[in-house]
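Data block below; observations after.
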Amino acid sequence: MNFDNKHKRSSKVKGALFQTLLRRIPPKQASSHLEDVVDALMDSLFEGEVDILMNKFSAPPNLRCKGWPEAHLEALKASGWLDGDTSPMVLIENQLSWRRWHEEMEEVIKNLKVRAKNTKLLVASISPKTDPINLQGLNTEQKLAVEAIIHQGVLLLSGGPGTGKTSTVVKILQRALEIKPTLKVGLAAPTGKAAARLQASVQKGIQKIQTLPSQSLSEIPCSTLHRWLGASHGSYKKNKNNPLNLDLLVVDEMSMVDIALMKALLEALPHQSQLVLVGDPNQLPPINSGAIWHRLQKNDTRIYFDEGAIHLKKTYRNRGDLASLSNLLCQKELYSFWDKLFKTSKTANIKAHQCKERLIPNLLTTQLRDHLRDLEELTQQLLKILPENLSPSSTTDITIGAEAELILSSIENLMVLCPKKLGFWGVDEVHKSFLGPSFKDNMTDWPQGTPVMCSENQSELGLANGDIGIVIGEGNQRRLLFRVLTESQKLVTRLINPARLKAIEPALAITIHKAQGSEADEVIVLWPEEISEATKENKLSTKQDLYDKRMLYTAITRARDSVDIFIPSVQVRNNPVISKLNG
DNA sequence: TTAAATGT
């Protein structure tokens with residue numbers, strides 16, 4: 001219902017855009033074929049991509065006109081929209097893109113290719129006397145990454161969860177600082193939470209290092225890309241005329257970086273500075289247009305970076321069907337995933353469940369209720385050791401008491417994930433079912449032990465958007481317990497008066513987008529969408545399939561132990577793939 | 001469908 005409205009609205013938006021284009025850049029010849037092409041390009045933008053492939057395998061859904069792609073290509077050529085240096089679209093081989101996005105993307109790629117050849121800084125300082133750092137415990141690819149920092153201006157370090165990206169980064173920094181101890185190094189990430197996580201893992205990594213550079217390692221500044229760049233409402237304090245004073249910058253979670261942010265970074269970063277770009281190529285694209293990381297992972301781009309393009313393959317997590325099904329999502333069509341999922345045994349660590357009613361599934365309700373009861377009991381135990389009266393205005397830090405630590409790690413026993421926030425099987429629906437229809441206005445009614453999410457950066461409290469905490473205590477003794485890294489790099493659990501928080505929401509369920517970077521032992525996924533047409537016929541993946549694969553991949557790779565995926569069975573019943581499997 | 005970030 002909701003989906004239909006949204007769908008209609010987005011067709012309206014696309015229709016309006018087409019009309020505007022017709023008016024502003026009148027085509028020599030207008031046609032419905034042209035409108036098809038504009039629609040397809042817009043859909044592509046919604047998914048963070050800037051181009052569409054115009055071949056017979058990549059026909060977009062809901063075409064008005066027959067004859068894809070020949071008739072559409074002909075209409076494009078007749079329109080004049082491909083002619084000259086100011087045309088709205090660009091066609092290269094059979095890749096069609098909006099000129100504006102295409103040129104920005106090409107510019108960024110070109111910039112990075114040039115930077116990749118800048119390697120003087122470390123090479124000049126290297127001397128045969130420097131003892132190579134201890135690379136024991138690293139696998140072959142990780143060692144190659146560490147050595148590559150000497151010879152490559154840009155490192156593209158890609159890998160899935162648990163492939164040791166961060167520990168490799170620590171070794172890279174150690175190697176670079178060992179060669180040139182005065183190197184000015186920075187750490188960055190696109191979100192506050194990712195930056196905090198990077199900071200914490202680097203801190204953890206350097207504790208193991210006994211040699212000289214560890215002193216300088218602990219002083220490496222880490223913040224969001226926006227903060228590095230001095231962003232304020234679309235403009236940046238740091239730019240070509242006021243560049244960043246850095247020799248080496250590490251950017252983590254590159255899959256969330258969009259083209260505009262990357263462009264701003266490259267403007268502000270001096271040409272001779274080295275870059276280490278780190279990310280998972282199979283995670284979700286950024287919401288805004290320009291999935292620069294996905295573009296950088298294409299083979300014909302990677303070759304320009306020589307030994308600087310390193311993919312970490314070996315996973316140190318996940319076994320059995322969970323591992324093989326996440327591999328399927330990376331390597332095969334979406335069809336193979338559903339096919340294998342419905343064939344897995346009842347004892348597998350990933351299972352699918354069909355639900356007849358359009359309600360919150362019983363199994364989820366039971367599991368979540370048990371989980372919340374456990375958390376509530378733990379909060380009671382913590383309350384017993386807290387002082388009778390907590391100070392109302394200030395925060396109270398507990399230096400990682402065993403009780404507080406146990407609560408926060410127990411939140412990660414179970415994570416409920418939804419692709420959507422609103423509508424059928426969305427995050428809000430789970431919250432309404434557990435906390436009542438007006439849960440947003442009645443925070444005081446959320447029971448003790450309710451997991452919560454901070455949804456705005458508040459660095460003065462040590463909190464980042466996306467941090468998960470828990471409700472403790474009642475009445476004016478109510479506090480929210482979070483794990484934070486203090487300015488002096490100490491890990492503490494902090495009790496915060498709810499009045500001090502700008503934005504807080506319940507976190508009984510969270511969106512898959514929000515879950516990027518988090519983990520839990522057990523993951524439950526509510527998958528409300530139809531298993532697509534293409535799935536039934538085992539065709540090549542559409543853009544939507546690619547997006548769904550990334551979504552499912554992100555969801556199931558959050559799990560340390562097991563995954564349960566719920567699918568509505570009305571749609572399942574009509575799906576030949578599944579009825580065949582069941583019959 | 002889905003985000004994210006910043007300063008006066």
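We name chains A, B, ... by the order of the sequence lines, and we start the count at 1 in each one. Keep in mind that what you see is a predicted model, and the values were worked out from it rather than measured. Values below: every heavy atom of this structure, side chains too, minus hydrogens, waters and symmetry copies.
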Can you find a side chain N or O atom of [X] that sits less than 4.0 Å from OP1 or OP2 on [N]?
X      : N     : result
A:N457 : B:dA4 : no
A:K421 : B:dA3 : no
A:T224 : B:dT6 : yes

Could you tell me how far apart [X] ([atom1]) and [N] ([atom2]) are, to the nearest whole angstrom?
X      : N     : atom1 : atom2 : result
A:L265 : B:dA5 : CG    : C1'   : 14 Å
A:D548 : B:dT2 : CG    : P     : 14 Å
A:M453 : B:dT2 : CE    : C1'   : 13 Å
A:L552 : B:dT2 : CG    : P     : 16 Å
A:L261 : B:dA3 : CG    : C1'   : 13 Å
A:E460 : B:dG7 : CD    : P     : 12 Å
A:L526 : B:dT2 : CG    : P     : 15 Å
A:Y547 : B:dT1 : OH    : C1'   : 6 Å

Not counting sequence neighbours, which residues clear side-chain contact (heavy atoms from CB on, under 4.5 Å) with [X]? List them please.
X      : result
A:P221 : A:W228
A:E519 : A:R317, A:R560
A:T554 : A:Q283, A:L284, A:I512, A:Q516, A:R558
A:D258 : A:A260, A:L261, A:P286, A:N288

For residues 430-439 of chain A, run the donor-acceptor check on the side chains, cut-off 3.5 Å, and write out each pair with its distance to 0.1 Å, sequence neighbours left out.
| unit_1 | atom_1 | unit_2 | atom_2 | d |
| --- | --- | --- | --- | --- |
| A:H431 | NE2 | A:P506 | O | 3.4 |
| A:H431 | NE2 | A:L508 | N | 3.0 |
| A:H431 | NE2 | A:A509 | N | 3.4 |
| A:S438 | OG | A:N442 | ND2 | 3.1 |

Per [X] side chain, nearest of listed nucleotides [options]:
X      : options             : answer
A:H233 : B:dT6, B:dT2, B:dA4 : B:dT6
A:K237 : B:dT1, B:dT6, B:dT8 : B:dT8
A:R227 : B:dT2, B:dT6, B:dT8 : B:dT6

Contact class for A:D258 vs. all strands (heavy atom < 4.0 Å): base, sugar-phosphate, or nothing?
-> nothing
Indicate, with a heavy-atom threshold strictly under 4.0 Å, whether A:G426 touches base, sugar-phosphate, or nothing.
-> nothing
Look at the rings of A:W425 and A:F566 and say which category their plane angle falls in: under 30° parallel, 30 to 60° tilted, over 60° perpendicular.
-> perpendicular
Salt-bridge criterion met for A:E505 and A:K421 (N-O under 4.0 Å) = yes
Among residues 506-513 of chain A, which residues get a heavy atom nearer than 4.0 Å to DNA chain B?
-> A:T511, A:H513
Given that A:M551 and A:H226 both sit by DNA chain B, which one's nearest nucleotide is further toward the 5' end?
-> A:M551
